[in-house]
Amino acid sequence: MQNLYSNILLAKKNRQKLLAVLIDPEKVSIEQAVVLGEKIKKSPATHIFVGGSTFNGTHLDELISVIKTTTQLPVLIFPGHPSQISNEADGILFLSLLSGRNPEYLIEHHINSVDILAKSNLEIIPTGYLLIDGGKETAVQRVSQTQPIEQNNIELAYKTAKAGEFLGKKLIYLEAGSGANQHVSLEMIRYVAQNIEIPLIVGGGIRFMKTIQEVYNAGADLVVIGTAFENDSNFFSL
Ligand SMILES: CC(C)=CCC/C(C)=C/CC/C(C)=C/CC/C(C)=C/COP(=O)(O)OP(=O)(O)O
Ligand SMILES: O=P(O)(O)OC[C@@H](O)CO
Ligand SMILES: [Mg+2]
């Protein structure tokens, strides 16, 4: 029995902020994974997310088991596709792309994941995933063929997140897209965080330690760092 979600809730209750490092399996070899795992172990990260928009699942089990030899941090699958599910992880963010209107990303991939998930020990965490315009076309947008919510449409972001909560999602993830020019605005984070009960994840385009703090202060419970750590594995010690 996993307790990933209850630990996230507990952290929120205690105002303890969480930090996930995103590992893109397409960019990391098995050899590199050992070094990366050691770096993550020394970093302030509390979670490891594994996933990529275009990854096809090759060497995923091995990659995760190698990472797990280096660190005890919980590993959560952050899937772009059902092929990215691995039983070596601890849990999965069962994303539904609520900002878009593509049925594949609202329900189809989920149906196609049932056989593997029903047999797995993964803790499944229903997550409302909202793509917010980050100033350039992102991989998620391209792959999912959906339009992001405009940065200035705070009302729509809020209503989409709240509808997700009413639907029973356990987390809301505001995503500006990997390598976004602009992260989700602090104003949008503040408004959404103040008006939902469930924990809020924010990621995409966050490049500085200072920004992580600002995003926390605006109300994010968990921040995701991908590109900044991919480009510099000493990012957190700067
Ligand atoms: C439910 C299952 C198993 C699959 C569908 C899950 C859904 C709805 C995904 C939403 C759309 C999507 C393609 C999300 C990708 C999330 C992700 C892993 C992002 C990180 O990858 P990037 O870093 O953006 O990709 P690149 O490195 O390829 O640019
Ligand atoms: O790569 P970055 O820009 O840090 O984005 C992380 C994550 O939110 C992408 O899905
Ligand atoms: Mg990436």
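Owing to the predicted nature of the structure, the values given are computational and were not obtained by experimental measurement. Read the numbers this way: they start at 1 and go in the same order the structure lists the ligands and their atoms. Side chains included, hydrogens not; waters and symmetry mates left out as well; all remaining heavy atoms used.
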**Asked** Atoms of ligand 1 less than 4.0 Å from Gly52 heavy atoms?
**Response** 18 (C), 21 (O)
**Message:** Could you measure the distance from the CD1 atom of Ile8 to the CD1 atom of Ile198? Nearest 0.5 Å is fine.
**Reply:** 11.0 Å
**Request:** Distance to 0.1 Å, residue and atom name: give those for the protein heavy atom nearest to atom 12 (C) of ligand 1.
**Result:** Val140 CG1, 3.9 Å
**Prompt:** Do Tyr129 and Phe78 have ring centroids that are under 6.0 Å from one another?
**Reply:** yes
**Request:** Report the nearest protein non-hydrogen atom to atom 6 (C) of ligand 1: residue, atom name, distance rounded to 0.1 Å.
**Result:** Pro79 O, 3.3 Å
**Prompt:** Of all the non-hydrogen atoms in the protein, which one sits nearest to atom 1 (C) of ligand 1, and at what distance?
**Reply:** His110 CD2, 3.4 Å
**All ring pair (Phe, Tyr, Trp, His ring centres under 6.0 Å) counterparts of Tyr158, not counting sequence neighbours** = Tyr191
**Prompt:** Is the count of non-hydrogen atoms from other residues, nucleotides or ligands lying under 6.0 Å from Glu38 atom CD greater than 12?
**Reply:** yes
**Request:** Show which atoms of ligand 1 fall inside a sub-4.0 Å distance from at least one heavy-atom site of Ser113.
**Result:** 3 (C)
**Message:** I'd like to check the salt bridge (Lys or Arg N to Asp or Glu O under 4.0 Å) partners of Glu62; sequence neighbours left out, ordered by chain and number.
**Reply:** none
**Request:** For Thr54, counting its heavy atoms only, list the atoms of ligand 1 lying under 4.0 Å from any of them.
**Result:** 28 (O)
**Message:** I need the nearest protein heavy-atom contact for atom 11 (C) of ligand 1: residue, atom name and distance, please.
**Reply:** Tyr105 CD2, 3.6 Å
**Request:** Could you find the nearest protein heavy atom to atom 17 (C) of ligand 1 and give me its residue, atom name and distance?
**Result:** Phe78 CE2, 3.5 Å
Ligand 2: protein N/O within less than 3.5 Å of ligand N/O:
from	atom 1	to	atom 2	distance (Å)
ligand 2	1 (O)	Ser178	OG	2.9
ligand 2	1 (O)	Thr227	N	2.7
ligand 2	1 (O)	Thr227	OG1	2.5
ligand 2	3 (O)	Gly179	N	2.7
ligand 2	3 (O)	Gly205	N	2.7
ligand 2	4 (O)	Gly226	N	2.8
ligand 2	4 (O)	Thr227	N	3.3
ligand 2	5 (O)	Gly204	N	3.4
ligand 2	8 (O)	Tyr173	OH	2.9
ligand 2	8 (O)	Glu175	OE1	2.9
ligand 2	8 (O)	Glu175	OE2	3.3
ligand 2	8 (O)	Gly204	N	3.1
ligand 2	10 (O)	Glu175	OE2	2.4

**Prompt:** If you count the non-hydrogen atoms of other residues, nucleotides and ligands that lie under 6.0 Å from NZ in Lys136, is the total more than 12?
**Reply:** yes
**Asked** Hey, does Asp24 come in under 3.5 Å of ligand 1, counting only N/O atoms on both sides?
**Response** yes
**Message:** Checking the N or O distance criterion of under 3.5 Å, is ligand 1 in contact with Ser53?
**Reply:** yes
**Request:** Go through ligand 1 atom by atom and flag the ones less than 4.0 Å from a non-hydrogen atom of Phe94.
**Result:** 1 (C)
**Item:** salt bridge (Lys or Arg N to Asp or Glu O under 4.0 Å) assessment of Glu88 paired with Lys68
**Value:** CA-CA 9 Å; Glu88 299 296 322; Lys68 281 195 149 288; over 6 Å; no
**Request:** Consider every N or O of Lys27 and every N or O of ligand 1, then say whether any pair is closer than 3.5 Å.
**Result:** yes
**Asked** Does a donor on one side chain sit under 3.5 Å from an acceptor on the other, for Glu123 and Tyr5?
**Response** no
**Message:** Which residue in the set Val224, Ile132, Leu131 passes side-chain contact (heavy atoms from CB on, under 4.5 Å) when paired with Glu175?
**Reply:** Leu131
**Message:** I need the atoms of ligand 1 closer than 4.0 Å to a non-hydrogen atom of Tyr129, numbered in the order shown.
**Reply:** 10 (C), 14 (C), 16 (C)
**Asked** Salt-bridged, Lys162 to Glu165, with N to O below 4.0 Å?
**Response** yes
**Message:** For atom 29 (O) of ligand 1, what's the nearest protein heavy-atom neighbour? Residue, atom name and distance, please.
**Reply:** Ala139 CB, 3.4 Å
**Asked** Just checking, any donor-acceptor pair under 3.5 angstrom between side chains of Asp61 and Ser86?
**Response** yes
**Request:** Would you please classify the geometry between the His110 ring and the Phe94 ring as parallel, tilted or perpendicular, with 30° and 60° separating the classes?
**Result:** perpendicular
**Item:** Residue, atom name and distance, where the atom is the protein heavy atom closest to atom 5 (C) of ligand 1
**Value:** His109 CB, 3.7 Å
**Asked** Which residues pass the salt bridge (Lys or Arg N to Asp or Glu O under 4.0 Å) test with Lys210, sequence neighbours left out?
**Response** Glu214
**Which residue and heavy atom of the protein sit nearest atom 15 (C) of ligand 1, plus the separation** = Gly80 CA, 3.7 Å
**Which atom of Leu4 lies closest to which atom of Pro74, heavy atoms considered** = CD2-CB, 3.3 Å
**Asked** Would one find an N or O of Gln84, backbone or side chain, under 3.5 Å from an N or O of ligand 1?
**Response** no
